[in-house]
Amino acid sequence: MAYPEIELYVDGQWRRASGAPIINPADESVIGTVPHATRADLDDALDAAQRGFQVWRKTAPNARAQIILKAAALIRARVDEMAVAMTLEQGKPLEQAKLEILRGAEIIEWDATEGMRMYGRVIPAGPGLQHTVYRQPIGPVAAFSPWNFPMSSPGRKVAGALSSGCSIILKASEETPAGALQLVRAFHDAGLPRGVLNLVFGDPAEISSYLVPHDAIRLITFTGSVPVGKHLAAMAGQAMKPAIMELGGHGPVIVCDDVDPVATAKASVATKSRNAGQVCVAPTRFFVQEKNFETFAKTFAEGAAALKIGNGMDPTTQLGPLANPRRVDAMERLVSDARKRGARVLAGGERINNRGYFYPLTVLADVPDDALAMNEEPFGPLALVNPVKNLDEAIAKANALPFGLAAYAFTHSADNVQRISNDVETGNLTINHFVASTAETPFGGVKDSGYGREGGIEGLGCYTVTKNVSHKFG
Ligand code: NAD
C-alpha cells in the first residue's frame, strides 16, 4: 500500500534526511522514515519564511486566495490517496480519514475566501483629522501540530496563516507526517511562492526551543497537551510573542430528562468512537438526569460493545487502533484506577492483545469524582456515565475541571438552553448534536484548554496585527 516518502520542505524545495521509523499502529510494522531537520535546515526555513513573507504580504488578497483555493481543489482530487497514507500512519478508519481531509479542504476554502475581506476601519475625528485602522498580517508563524488529525490540524494552521498574508514554518507530528506532507505538496503544486510555507520534523523540544524565541517568528500556534502548551506559552511570553493554544479538554455532556435517552446514547457512541476517542473535543463525562440514566447507560454500553474493531483499512471497521502505545497504557491506567474506586464497567475495559494498539470503547458508570479518569483527559475510547439529580448539579460538575474546550447538552427546554449557554465554562457549546467545530465558527478554549481561536473571522484575526494610522491633513 502506498505510503509516501517523507521529506522536509524548505524554501520551495524538498529535502531528504535521516530520521526515525514511522509505525503503523494497526500492526506495528515500519512503514517509512521521518526525516529530522538539522539546525541548518531550521535556519534555512527561517530565512525562507522571512523572504516568503515579504513576497506574500505584497501579493493581492485575491491572488493569494486563488492559489490557496487551487491547493484545496488538489486536496479534494487526491483525497483517496491521502486517506490511505493517513490510515496507515494514524490508524483511523479509511472513511474517517477521507472525512478529515474533506473537512480540511473546506476549512482551507473558507479561510481563503474570508482572507479577501481583510477590512480596516475609518474613524473621522473632526475637520482635518482621520484615524484609519489597518489589519496587517503579523509575520512568519511557527506552527506545531499533533498526531490525532494529521491533515486537518496542520491544514487549519496553514490556512489561517496563508489566508491572512503570513508565511509559516510547520513542525508537524513525527508520528503521522504524511498528512502534513501531502497538505504541503498540494500548496507546492498549486504554485505557492517559495518560502511562504515550510515543513520540518525532528525533536519537538529542540525545534520549538529554537523557533519560538527566534526573532524571525512573530506568532506561535500549537495544538497538543496542556503541559506542553504551558511550556510553549511561557517561552512565547518570555519573547513577548502572541500565541494560539489549542490544548486538551474533558468534554462534559449534559443529558436532560426531556430528551430521548436511546437516540442520545446512540449518537454518543458514534461520536465517542470517532478517531478512537483521540479528539480534543471528544465527549467524555456524561451527566445524565436520573430519569434517563439507566436507559442511556444501557444503550451506550450495547452500542459500544457492538462496534467492529479492526484495521482501519478494512471498510467494515468502526473503531481502529489507538495511534500509539502511550494511549493504550493510559487507558489501562485510567480504567484500572476507576475500577479500584468502585466504578462499574458496562462495556470494554480490557486491552485487546492482538498485534497493534487496540483498545475497545469502554463505558464506565458511577465513576467517583476523584477517579483519575474524571480529572485527566483520557484522549482515547473511554466514556464516563454518571447520574445527576438536576441541572444545577450537572453544570457544577461540568465546570469542576480546569478544562473548558467543548461541552455538549441535550435538551428541548429553552430555559435549560439559556442556563447552560450562560453558565457552562467552555469555548464551544453544542446543543442537541455533536459537531463542535466548523470552518465558519471560532474554535478554542477557556481556562487550561488554552486561548486564541481557530476558524471563523476570529481565527483569521489571530494572524493579524492592528495598526492605527492617525492622519492630520488640510
Ligand atoms: P505529549 O504531551 O508528549 O505531546 C503532545 C504534542 O506536543 C505532540 O504532538 C508532541 O509532538 C508535541 N510536543 C511535545 N513536546 C513538545 C515541545 N517541547 N515542543 C513542541 N511540541 C512538543 O503527549 P502525547 O503522548 O503525544 O499526546 C498525549 C496528550 O496530548 C493527550 O493526553 C492529549 O491531552 C494531548 N493532545 C491533545 C491534542 C489536541 O488536539 N488538543 C492533540 C494531541 C495530543
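Order of listing sets the numbers, starting from 1, for every ligand and every atom in it.
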Ring centres under 6.0 angstrom apart (Phe379, Trp147): yes
Where at least one partner belongs to residues 221-237, residue pairs that pass side chain to side chain donor-acceptor pair (under 3.5 Å), sequence neighbours excluded: Lys157-Thr221, Lys157-Thr223, Lys230-Asp448
Thr87 side chain vs Lys92 backbone, donor-acceptor pair below 3.5 Å: yes
ring-ring contact (aromatic ring centres under 6.0 Å, His included) pairs, two or more places apart, involving residues 420-440: Tyr408-Phe434, Phe410-Phe434
Donor-acceptor pair, side chain of Asn386 and main chain of Phe287, under 3.5 angstrom: no
May I have a table of the N/O to N/O pairs between ligand 1 and the protein that fall below 3.5 Å, each row giving the two atom names and the distance to 0.1 Å?
from: ligand 1; atom 1: 2 (O); to: Ser225; atom 2: OG; distance (Å): 2.6
from: ligand 1; atom 1: 19 (N); to: Pro204; atom 2: O; distance (Å): 3.3
from: ligand 1; atom 1: 19 (N); to: Ser208; atom 2: OG; distance (Å): 2.8
from: ligand 1; atom 1: 25 (O); to: Arg326; atom 2: NE; distance (Å): 2.7
from: ligand 1; atom 1: 25 (O); to: Arg326; atom 2: NH2; distance (Å): 3.3
from: ligand 1; atom 1: 26 (O); to: Trp147; atom 2: NE1; distance (Å): 2.9
from: ligand 1; atom 1: 26 (O); to: Arg326; atom 2: NH2; distance (Å): 3.0
from: ligand 1; atom 1: 34 (O); to: Glu377; atom 2: OE1; distance (Å): 2.3
from: ligand 1; atom 1: 40 (O); to: Asn148; atom 2: ND2; distance (Å): 3.4
from: ligand 1; atom 1: 41 (N); to: Gly224; atom 2: O; distance (Å): 3.3
from: ligand 1; atom 1: 41 (N); to: Leu247; atom 2: O; distance (Å): 3.3

Contact list for residues 19-31, test side chain to side chain donor-acceptor pair (under 3.5 Å), sequence neighbours left out: Asp27-Ser29
